[in-house]
Visitor: 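If you scroll down you'll find the structure; I have some questions about it.
Residue numbers start at 1 and run along the sequence shown. Computed from a prediction, not measured in an experiment: that's the story for all the values here.
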Amino acid sequence: MKTVFIAAGGTGGHIYPGLAIASALKKRLPDVKIIFIGSHVGMEKNIVPRYGYPMEFINASGFQRGFVKKVIAAKNLLKSASDSRKLLNRYHPDLVIGTGGFTSGIILREAAKKKIPTLIHEQNAYPGKSNRWAAQKADVVCLTFQEAAQYFPKDKTMLCGNPVRDAFKNVDRPLMRKKMGLKPEDKMILAMGGSQGAAAINQAMQTVMKDLAQQDDIQIYQITGPKQIEKVCAACDQKGIVYDKTYNGPTHCHLIAYSNEMEMLMGAADIMIARSGASSICEMAASGTPSILIPYPYAAGDHQRFNAKAMESAGAAIVIDEEALDGEKLEDLLSTLLNEPSKLQRMAQNARAYAKIDADEKIVDQAMALIQR
């Protein structure tokens with residue numbers, strides 16, 4: 001039996017590609033033992049177990065500003081290296097895959113020291129520090145965007161795309177809408193700011209909910225982010241916006257802190273307002289969800305703007321810079337699009353055409369070659 005570590009931690013943008021790779025690897029190698037490696041401070045501890053994979057943890061944390069925080073992170077780095085060596089010695093994995101985040105880099109480096117094959121998947125056009133550091137010793141680096149190749153050794157890189165879970169590849173829209181309790185004539189708006197939420201989107205949506213939710217045929221679902229749910233609810237209370245906190249509640253506004261059923265929400269939506277992280281972009285594309293994208297302006301290398309513009313160029317999205325975002329503008333754009341179903345249909349078709357749904361298979365091709373060498 002082969003054993004594979006997948007180090008995927010921090011945010012959903014690192015975790016969900018790791019889960020997609022795991023699923024594809026299981027299909028190719030049914031008896032493979034896959035163990036996810038994470039930290040206790042990331043979202044992986046809550047997400048990964050739902051998919052049935054065992055987890056091990058290392059004491060890792062990202063570097064932050066401030067002298068004290070840097071000292072703590074440096075101590076954790078030494079501890080995480082020790083934790084990584086212990087796990088590698090216990091399981092003797094045949095391959096270690098890293099999808100980014102501070103958990104990923106250290107165990108990839110420790111595995112390389114032991115001559116264990118290593119593979120990196122980089123989601124963004126501008127790679128994170130952890131992957132750039134780990135790539136110095138890695139065997140293969142799989143890219144989502146060709147623009148990232150300049151940051152890695154040329155002889156190690158290949159363009160694969162960003163893997164998404166099978167649930168997004170063959171979305172049954174009528175079934176998803178039925179699960180949501182939507183009527184055929186309902187128009188569903190979905191808004192989210194990524195796994196951590198986005199204050200700018202949450203604020204703009206207040207105007208949208210106040211006005212558009214008055215229409216009988218409009219249902220609005222807002223994923224606020226766990227840290228912002230109470231603030232959003234308080235703002236709704238102040239503005240007299242009636243809402244519930246469930247998928248199938250009685251109101252026209254549904255506020256949800258976080259969802260593990262994004263394939264259902266995206267599949268049912270007529271239009272989506274979102275950030276433009278690589279994983280979200282690829283899930284929207286695979287599910288054929290038209291979108292209004294508001295790139296996070298402080299993303300490293302401005303990679304979210306690049307992601308968003310690529311979708312816009314494909315005719316699948318409309319991009320609004322955060323500095324230009326306001327509730328009235330967003331409401332006007334949504335009203336226009338919802339009244340042009342043929343345009344939304346074209347955007348959905350363009351999204352599916354843009355999708356690279358075989359990314360997981362290409363990555364697993366590389367993984368299998370490393371396992372069998």
Visitor: Determine whether more than 12 heavy atoms belonging to other residues, nucleotides or ligands lie under 6.0 Å from atom CG of D358.
Guide: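 Correct, the count exceeds 12.
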
Visitor: Any side-chain to backbone donor/acceptor pair from R109 onto W133? Under 3.5 Å, distance only.
Guide: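 At least one qualifying donor-acceptor pair exists.
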
Visitor: Taking all atoms of both residues into account, what is the closest heavy-atom pair of E110 and A81, and its distance?
Guide: OE2-CB, 3.7 Å

Visitor: Could you tell me how the ring of F145 sits relative to the ring of F306: parallel (under 30°), tilted (30 to 60°) or perpendicular (over 60°)?
Guide: perpendicular

Visitor: How far apart are the closest heavy atoms of A138 and K156, and which atoms are they?
Guide: O-NZ, 2.9 Å

Visitor: Less than 4.0 angstrom from a charged side-chain N to a carboxylate O is my criterion; do K329 and D332 meet it?
Guide: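 Here K329 does not pair with D332 in a salt bridge, since their nearest N and O are not under 4.0 Å apart.
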
Visitor: Which label fits Y16 and Y51: parallel for a plane angle under 30°, tilted from 30 to 60°, or perpendicular past 60°?
Guide: perpendicular

Visitor: Side chains of E122 and N131: is there a donor and an acceptor less than 3.5 Å apart?
Guide: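 Yes.
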
Visitor: Which heavy atom in K245 sits nearest to a heavy atom in E230, and how many Å separate them?
Guide: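 So the minimum-distance heavy-atom pair works out to NZ-OE2, 3.7 Å.
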
Visitor: Please give me the minimum heavy-atom distance between V171 and S287, naming the atom from each residue.
Guide: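 Here V171 and S287 meet closest at CG2-CB, 3.8 Å.
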
Visitor: Quick one: does E331's side chain get under 4.5 Å of L212's, heavy atoms only?
Guide: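 Contact flag for E331/L212 side chains = yes.
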
Visitor: Using 4.0 Å as the upper bound for N to carboxylate O, is an ion pair formed by D166 and K27?
Guide: yes

Visitor: Tell me, yes or no, whether the heavy-atom count around K26 atom NZ, taken from other residues, nucleotides or ligands under 6.0 Å, exceeds 12.
Guide: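 Count over threshold, so yes.
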
Visitor: Between R85 and K114, what is the shortest heavy-atom contact and its length?
Guide: O-CE, 4.3 Å

Visitor: Under 3.5 Å, is there a donor on one side chain and an acceptor on the other for H254 and Q219?
Guide: yes

Visitor: For S259 and Y247, test the side chains for any donor-to-acceptor distance below 3.5 angstrom and give the result as yes or no.
Guide: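 There is such a pair between these side chains.
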
Visitor: Just do the side chain to side chain donor-acceptor pair (under 3.5 Å) check on Q228 and N202 with the steps written out, would you?
Guide: CA-CA 8 Å; Q228 298 190 41; N202 288 342; 2.8 Å; yes

Visitor: Is it the case that D94 and T3 place a side-chain donor and acceptor less than 3.5 Å from each other?
Guide: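 No.
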
Visitor: Would you mind checking if R90 and E56 are paired as a salt bridge, meaning a charged N to carboxylate O distance below 4.0 Å?
Guide: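 Salt bridge: yes.
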
Visitor: Does this structure show an ion pair linking D365 with R28, if we count only N-O contacts that are shorter than 4.0 Å?
Guide: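 Salt bridge present between D365 and R28.
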
Visitor: Are the aromatic rings of Y151 and Y126 close, with centres under 6.0 Å apart?
Guide: yes

Visitor: Answer yes or no: does atom CD of E323 have more than 12 heavy-atom neighbours from other residues, nucleotides or ligands under 6.0 Å?
Guide: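 Counting other residues, nucleotides and ligands, CD of E323 stays at 12 neighbours or fewer.
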
Visitor: Does any non-hydrogen side-chain atom of D326 lie less than 4.5 Å from one of Q203?
Guide: no

Visitor: Are side-chain heavy atoms of I220 and M205 found at a separation under 4.5 Å?
Guide: yes

Visitor: Is it possible for you to say whether I218 and Y243 belong to one hydrophobic cluster, with membership spreading through side-chain heavy-atom contacts below 4.5 Å?
Guide: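 Yes, one cluster joins them.
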
Visitor: Determine, stepwise, if the pair D244 / T251 fulfils side chain to side chain donor-acceptor pair (under 3.5 Å).
Guide: CA-CA 6 Å; D244 59 68; T251 77; 2.8 Å; yes

Visitor: Are the charged groups of D172 and K178 less than 4.0 angstrom apart, N to O?
Guide: no

Visitor: Could you walk me through whether F57 and K45 pass side chain to side chain contact (heavy atoms under 4.5 Å, CB included), step by step?
Guide: CA-CA 9 Å; F57 296 93; K45 65 183 182 297; 3.8 Å; yes

Visitor: Would a distance-only check, ignoring hydrogens and angles, find a side-chain to backbone donor-acceptor pair under 3.5 Å from R165 to P17?
Guide: no

Visitor: In a check of side-chain contact (heavy atoms from CB on, under 4.5 Å) between V96 and each of L119, L88, L370, V4, which one passes?
Guide: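 That would be L88.
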
Visitor: Regarding E322 and R305, does a basic nitrogen lie under 4.0 Å from an acidic carboxylate oxygen?
Guide: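 No salt bridge links E322 with R305.
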
Visitor: Assess, by modelled atom type and distance only, whether the side chains of H14 and T103 contain a donor and an acceptor separated by less than 3.5 Å.
Guide: no

Visitor: Please report the shortest heavy-atom distance between L25 and V364, naming the atom on each side.
Guide: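 What the structure gives for the nearest pair is N-CG2, 3.7 Å.
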
Visitor: Would you say the side-chain atoms of N248 and K179 include a donor-acceptor pair closer than 3.5 Å?
Guide: no

Visitor: So does R173 pair up with D270, basic N to acidic O under 4.0 Å?
Guide: yes

